[in-house]
Amino acid sequence: MTTVFFSYSHADEALRDQLERQLRILQRQGLIETWHDRRIEAGQDFAGEIDAHIEADEIILLLVSPDFLNSDYCYEIEMTRALERHKAGEAIVIPVILRDCLWHGAPFGKLMATPTDGRPVTQWPDIDHAFRLVAEAVQAAAKRIGSPQAIIRPSVAPAMQNTQSVNRSTPDQVTRSSNLRVAKTFTDRDRDAFQTEAFDFMAKYFENSLSELSVRNPEVDGAFRRLDANRFSAVAYHNGQAASRCTVFMGGRHMGGIAYTATENADTNGFNENLTVEADEQTLYLRSMGMAHFGQGKNQKLTFEGAAETYWQMFVKPLQ
């Protein structure tokens, strides 16, 4: 079982709890075991317990926020030692960006952060989805550690151990190839699942954004309807008058993908824009046909949030 340590500021305790709930399923599966300083019992050595876990746990989550960066203990003690172990191949450090802050220039800034693209958890329309992405990153790391082929600590290759002339360079001095990526193959099932997940994300994005739009603009009211598994509609009213309407639907009759039409069209025979699932050698992504913007953005590789924001901007444009 892989051990996971939370390095965090107590100001972010509520967010830490939400993340731990997402990770609970991995605990039930026997994949990970989590620990943080709230597990320290009365009479135990506080600093000693934390040090023991920083030195031993295999995955260290840095829960990054302004308060984390402001904490001398988090930054200078926990993070510093965590990165030393990561560099030595003794542990995997995963930065989890909880709240917006200037983290790219920090010592961990070159590591791959989560959620996707290092977008702060609190900026996602659906925080549960953001934490699910974090949980998936932890799951992948735990599986790498648990794999029989996994090598956590750098070692000398067996064929070279008895060679007197072997170069005894440290791990930091050994030259590595810059091309360590292996091309992936995506099945139709992968593409279909990706499209469905993107559509569900988009529906939640619209629902939450409509609510926030009404809160920030008292003169605007919104209505969201999930018509069925493959369609949802949205209406924005300005002072009681319908200013914008749309239907977003999946699996159009002619083009497939996820389409947008600027009407509440239950039949969804036509559309103003369409997003299709594409793939490169590493990832699946969404691509716009560029119909609504005369080809602009056609070559962009859109994430879930990028696709949702594309359609949301089309929807709110009449209000601007």
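Side chains are part of it too, since the values below use all heavy atoms of this structure and drop only hydrogens, waters and symmetry mates.
With ring centers used as reference points, Phe131 lies 6.0 Å or more from His129. Between Phe206 and Trp312, the ring center distance clears the sub-6.0 Å criterion. Residues Phe194 and Phe304 bring their aromatic ring centres within 6.0 Å. Between Tyr8 and Phe68, the ring center distance fails the sub-6.0 Å criterion.
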Quick one: do Tyr311 and Tyr205 satisfy ring pair (Phe, Tyr, Trp, His ring centres under 6.0 Å)? Show the steps, please. CA-CA 10 Å; Tyr311 280 175; Tyr205 190 100; over 10 Å; no
With salt bridge (charged side-chain N to carboxylate O under 4.0 Å, His left out) as the test, would you mind laying out the steps for Arg81 and Glu84 before giving the verdict? CA-CA 5 Å; Arg81 182 55 187 145; Glu84 289 174 351; 3.1 Å; yes
Salt bridge (charged side-chain N to carboxylate O under 4.0 Å, His left out) for Arg216 and Glu212? Distances and angles first, verdict last. CA-CA 6 Å; Arg216 296 189 182 189; Glu212 185 67 20; 2.7 Å; yes
Phe5 vs Thr34, side chain to side chain contact (heavy atoms under 4.5 Å, CB included): CA-CA, chis, key distance, verdict: CA-CA 6 Å; Phe5 175 79; Thr34 63; over 6 Å; no
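Using a 4.0 Å cut-off between a side-chain N of Lys or Arg and a carboxylate O of Asp or Glu, Glu20 and Arg24 do not qualify as a salt bridge. For Arg226 and Asp200, the salt-bridge test passes: some basic side-chain N is under 4.0 Å from an acidic carboxylate O. Ion pairing between Arg39 and Glu49 fails under the 4.0 Å rule for side-chain N and carboxylate O.
Within the 4.5 Å cutoff, the side chain of Glu33 has no heavy atoms near those of the Val4 side chain. Two residues are said to be in side-chain contact when any heavy atoms from C-beta on lie closer than 4.5 Å; Val93 and Leu62 meet this criterion. Side-chain contact between Gln27 and Met1: absent, with no pair of heavy atoms (C-beta onward) separated by less than 4.5 Å. You'll find the side chain of Val277 reaches within 4.5 Å of the side chain of Leu284, heavy atoms only. The side-chain heavy atoms of Asp128 and Gln22, taken from C-beta on, include a pair separated by under 4.5 Å. Annotation: side chain of Ile94 is not in contact with side chain of Met112 (no heavy-atom distance under 4.5 Å). Side chains of Asp12 and Arg99 form a contact here, defined as non-hydrogen atoms less than 4.5 Å apart. No side-chain heavy atom of Gln241 sits under 4.5 Å from any side-chain heavy atom of His238.
Cluster annotation: Ile127 is connected to Leu63 through the hydrophobic network of ILVMFWY side chains, with a link wherever side-chain heavy atoms come within less than 4.5 Å.
Under a cutoff of 6.0 Å and an axis angle of 45°, Arg231 and Phe249 do not form a cation-pi pair.
In this structure, His53 and Trp35 have parallel ring planes: the angle between them is below the 30° cut-off, well short of the 60° mark.
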